[in-house]
Amino acid sequence: MITLNPESPTPLVSQIVDGFRRLIAEQALRPGTKLPSIRALAAQHSVSVFTVVEAYDRLVAQGWVVSRSNAGFFVKARTGATALPGEAPSTDLRFDARWYLRQIFENRNLALKPGCGWLPNDWLFEEGVRRSLRQLSSDGAELGGYGLPHGHMALRVLIAESLAERQVAVGAESVLLTQGSSQALDLVARCLVRPGDTVLVDDPGYPNLMFMLRFLGARLVGVPRAPAGYDLVALEALLIEHRPKVFFTQPRLQSPTNSVTPVAQLYRVLQLAEKHDLAVVENDIYADLDPESRPSLASLDQLRRVVYVGSYSKTISPNIRVGYLVARPDLLGDLTQLKMVSGLTSSDITERLAFGALSEGRWRKHLKALRDRLAQAHGSVAQRLTELGFELFSEPKAGMYLWARHPDLTDGAELSQQAVGAGILLGPGHLFLTEPRPTGWLRFNVAFSDDERLYRFLAEQIRLHAQGAVA
């Protein structure tokens, strides 16, 4: 009925749960079918009774099985399908910006995820987190109470020291820890933006930020991204025409284009900000993925007009939700107050976990290995895409993404809908535009784009579109 592998790194309990879930989903076990008794299954697979008990309890909790007193465990009749690992729960996904944020998490069990915004688990610093967790447990750290308003002091000191290496001269008192970079951006937006304000954003840029700003009542104006940074002529014209209050931007390894802004352009952006009394929010969450030492807006400005946002989601783990922002003292006080009003303190436990991972000797080795791995992935994915006829926006051979389009695949939303049916989650370009419109651009996460099935799917779609054009 199910097969267990004692040599597998997957726990036996999980193997039992996954095995029965798949049999039920494939209707090999119909509703009402009785599962083997606990003792019978334990004897059949030479596992402990306690292992089977835990597995059956999980199946009951997840709604796959129902327990009947003195009768056993039976397959439960289900009103809707539940996704299994590697399966698409639905082929009717809505690829619009409003729902994409939720859908990309709800459907991350698709077999292939070249459109997602995170790294595979084995690319992250999971072992560092585990060691930090063990150390935290052995230290007898307090698990009750709240953290500090600004966040865990030792981590703030470490962040200030790391920023000093990047020529941003700040102390720990200028660092505010947040629940990931998303909370940092939200706090800055709520502090600086009022309904009706005009705000500049990268175009294409970060969909969640755009939705957040629109929710606050801001009027968004997109600053065109170029393969080598910004369209500075367009930026200056937009400043004169719209007189915006804030520019939210990502100069380094920008998502989705992965473009990098040269230092001369950074100086010019700051000159224009000074001339037009513009605040600049620099989202630099990919800094640790950059093998080159580059100036940032914050290092050139020293936080006079720039608010700097960072995160450890892309390098340690997105699950611990530790980010930070750095700002001049008067603004940081307002941001701290907003943080307390909206959610009190951030988690001292997860901040301690992050500090433990960052302060151990393997951190820098992990970063170098991660950068090298990403560079190798960039090379192989870029080659496969260009062989299929894709145009690449930029190729820094660092960071997470490639922004690409094919002349025969002109509607990324339509292509993404077809991809879901093949168990593939793509990143259609219209989601990243300030004013969504049909586009053939797609965002490829190079860490998830090494599967032959992706290229077979793309090749088949190119072939079908070519046949349609001939017909």
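With a 4.5 Å cut-off on side-chain heavy atoms, Leu433 and Asp203 count as touching. For the pair Leu385 and Leu458, the minimum side-chain heavy-atom distance is below 4.5 Å. Side-chain contact between Leu232 and Val269: present, with at least one pair of heavy atoms (C-beta onward) separated by less than 4.5 Å. You'll find the side chain of Leu392 stays beyond 4.5 Å of the side chain of Phe444, heavy atoms only. Using a 4.5 Å heavy-atom cutoff, the side chains of Leu270 and Arg305 are not in contact. Considering only heavy atoms from C-beta on, Leu331 comes within 4.5 Å of Leu192 through its side chain. Between Leu370 and Leu119 the shortest side-chain heavy-atom distance falls below 4.5 Å.
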Derivation and outcome, side chain to side chain contact (heavy atoms under 4.5 Å, CB included), residues Arg384 and Ser449: CA-CA 10 Å; Arg384 295 302 304 272; Ser449 299; over 6 Å; no
Side chain to side chain contact (heavy atoms under 4.5 Å, CB included) assessment of Asn258 paired with Leu402: CA-CA 6 Å; Asn258 212 48; Leu402 280 172; 5.6 Å; no
Full working for side chain to side chain contact (heavy atoms under 4.5 Å, CB included) between Trp64 and Val17: CA-CA 10 Å; Trp64 294 93; Val17 171; over 6 Å; no
Residues Leu155, Val322; criterion side chain to side chain contact (heavy atoms under 4.5 Å, CB included); working and verdict: CA-CA 10 Å; Leu155 180 56; Val322 175; 3.9 Å; yes
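The two residues Met210 and Thr434 make their nearest non-hydrogen contact at SD-CA, 3.9 Å.
A donor-acceptor pair is defined here as one N or O able to donate and one able to accept, closer than 3.5 Å; such a pair exists between the side chain of Arg156 and the backbone of Gly151. Ser299 places no side-chain N or O within donor-acceptor distance of the main-chain N or O of Pro295, the cut-off being under 3.5 Å. Under a 3.5 Å cut-off, the side chain of Ser162 and the backbone N or O of Ile159 do form a donor-acceptor pair. Side-chain atoms of Thr261 do not come within 3.5 Å of backbone N or O of Gly229 as any donor-acceptor pair. Remark: side-chain polar atoms of Thr336 are paired, donor with acceptor, to backbone N or O of Leu332 under 3.5 angstrom. Judged by distance alone, with hydrogens and angles left aside, the side-chain atoms of Asp301 form a donor-acceptor pair with the main-chain N or O of Val306 at under 3.5 Å. Of the possible donor and acceptor atoms, none in the side chain of Arg362 sits under 3.5 Å from a partner among the backbone N and O of Leu358. Under a 3.5 Å cut-off, the side chain of Gln302 and the backbone N or O of Gln167 do form a donor-acceptor pair. Panel note: side chain His378, backbone Gly399; a donor-acceptor pair is recorded below 3.5 Å. When atom types are taken as modelled, the side chain of Gln265 and the backbone of Ala228 share a donor-acceptor pair closer than 3.5 angstrom.
For the atom pair CG (Leu335) and CG (Asp186), the distance works out to 10.5 Å, reported to the nearest 0.5 Å. To the nearest 0.5 Å, atoms CZ (Arg352) and CD1 (Ile349) are separated by 8.5 Å. The line from CH2 of Trp123 to OG of Ser317 is 16.0 Å long, rounded to the nearest 0.5 Å. How far OG1 of Thr249 is from CD of Gln254: 7.0 Å, rounded to the nearest 0.5 Å. Interatomic distance, CG of Leu442 versus CG of Leu431, reported as 10.0 Å (0.5 Å rounding). If you take CZ on Arg364 and CG on Leu367, they are separated by 8.0 Å, rounding to the nearest 0.5 Å.
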Can you give each donor-acceptor pair under 3.5 Å made by side-chain atoms of residues 233-242, sequence neighbours left out, with the distance rounded to 0.1 Å?
unit_1 : atom_1 : unit_2 : atom_2 : d
Glu236 : OE1    : Arg268 : NH2    : 3.3
His242 : ND1    : Arg219 : NH2    : 3.1

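No more than 12 heavy-atom neighbours from other residues, nucleotides or ligands sit within 6.0 angstrom of CZ on Arg243. Heavy-atom neighbours of Gln376 CD from other residues, nucleotides or ligands within 6.0 Å: at or below the threshold of 12.
With no hydrogens or angles considered, no side-chain donor-acceptor pair links Ser255 and Gln250 at under 3.5 Å.
The ring-ring contact (aromatic ring centres under 6.0 Å, His included) test applied to Trp441 returns Phe393, Trp403, not counting sequence neighbours. With sequence neighbours left out, the ring-ring contact (aromatic ring centres under 6.0 Å, His included) criterion links His150 to no other residue. Taking Arg371 as the reference, nothing meets the side-chain hydrogen bond (donor to acceptor under 3.5 Å, both in side chains) condition, with sequence neighbours excluded. By the side-chain hydrogen bond (donor to acceptor under 3.5 Å, both in side chains) test, Ser347 is found to be paired with Thr350, residues two or more places apart in sequence or in another chain being considered. With sequence neighbours left out, the ring-ring contact (aromatic ring centres under 6.0 Å, His included) criterion links Phe457 to no other residue. Remark: Tyr308 pairs with no residue by the ring-ring contact (aromatic ring centres under 6.0 Å, His included) rule, at least two apart or across chains. By the side-chain contact (heavy atoms from CB on, under 4.5 Å) test, Ala154 pairs with His152, Phe355, sequence neighbours left out. In this structure, Asn319 has no side-chain hydrogen bond (donor to acceptor under 3.5 Å, both in side chains) partners at least two apart in sequence or on a different chain. By the side-chain hydrogen bond (donor to acceptor under 3.5 Å, both in side chains) test, Ser181 pairs with no residue at all, sequence neighbours left out.
At a threshold of 4.0 Å, the pair Glu127-Arg134 counts as salt-bridged, since one of the basic side-chain nitrogens sits closer than that to a carboxylate oxygen. Between Arg22 and Asp18 there is no salt bridge, since no side-chain N of the basic residue sits under 4.0 Å from a carboxylate O of the acidic one. In this structure, Glu282 does not pair ionically with Arg166, as no charged nitrogen and carboxylate oxygen lie closer than 4.0 Å. Ion pairing between a basic and an acidic side chain is recognised when a charged N comes within 4.0 Å of a carboxylate O; Asp451 and Lys113 show no such pairing.
Sequence neighbours left out, not one pair with a member in residues 335-344 passes salt bridge (Lys or Arg N to Asp or Glu O under 4.0 Å). Sorted by first then second residue, the ring-ring contact (aromatic ring centres under 6.0 Å, His included) pairs that include residues 322-343, not counting sequence neighbours, are Tyr312-Tyr324.
Each of Asn208, Val193, Asp197 was evaluated against Leu213; a single residue qualifies, Val193, per the side chain to side chain contact (heavy atoms under 4.5 Å, CB included) test. With respect to Pro256, the side chain to side chain contact (heavy atoms under 4.5 Å, CB included) criterion is satisfied by exactly one of Tyr206, Phe432, Tyr401: Phe432. Results of the side chain to side chain donor-acceptor pair (under 3.5 Å) test with Ser346 over Arg321, Glu351, Gln179 single out Glu351 as the only residue that passes.
Both tests hold for Arg225 against Tyr230: distance to the six-membered ring centre under 6.0 Å, angle to the ring axis within 45°.
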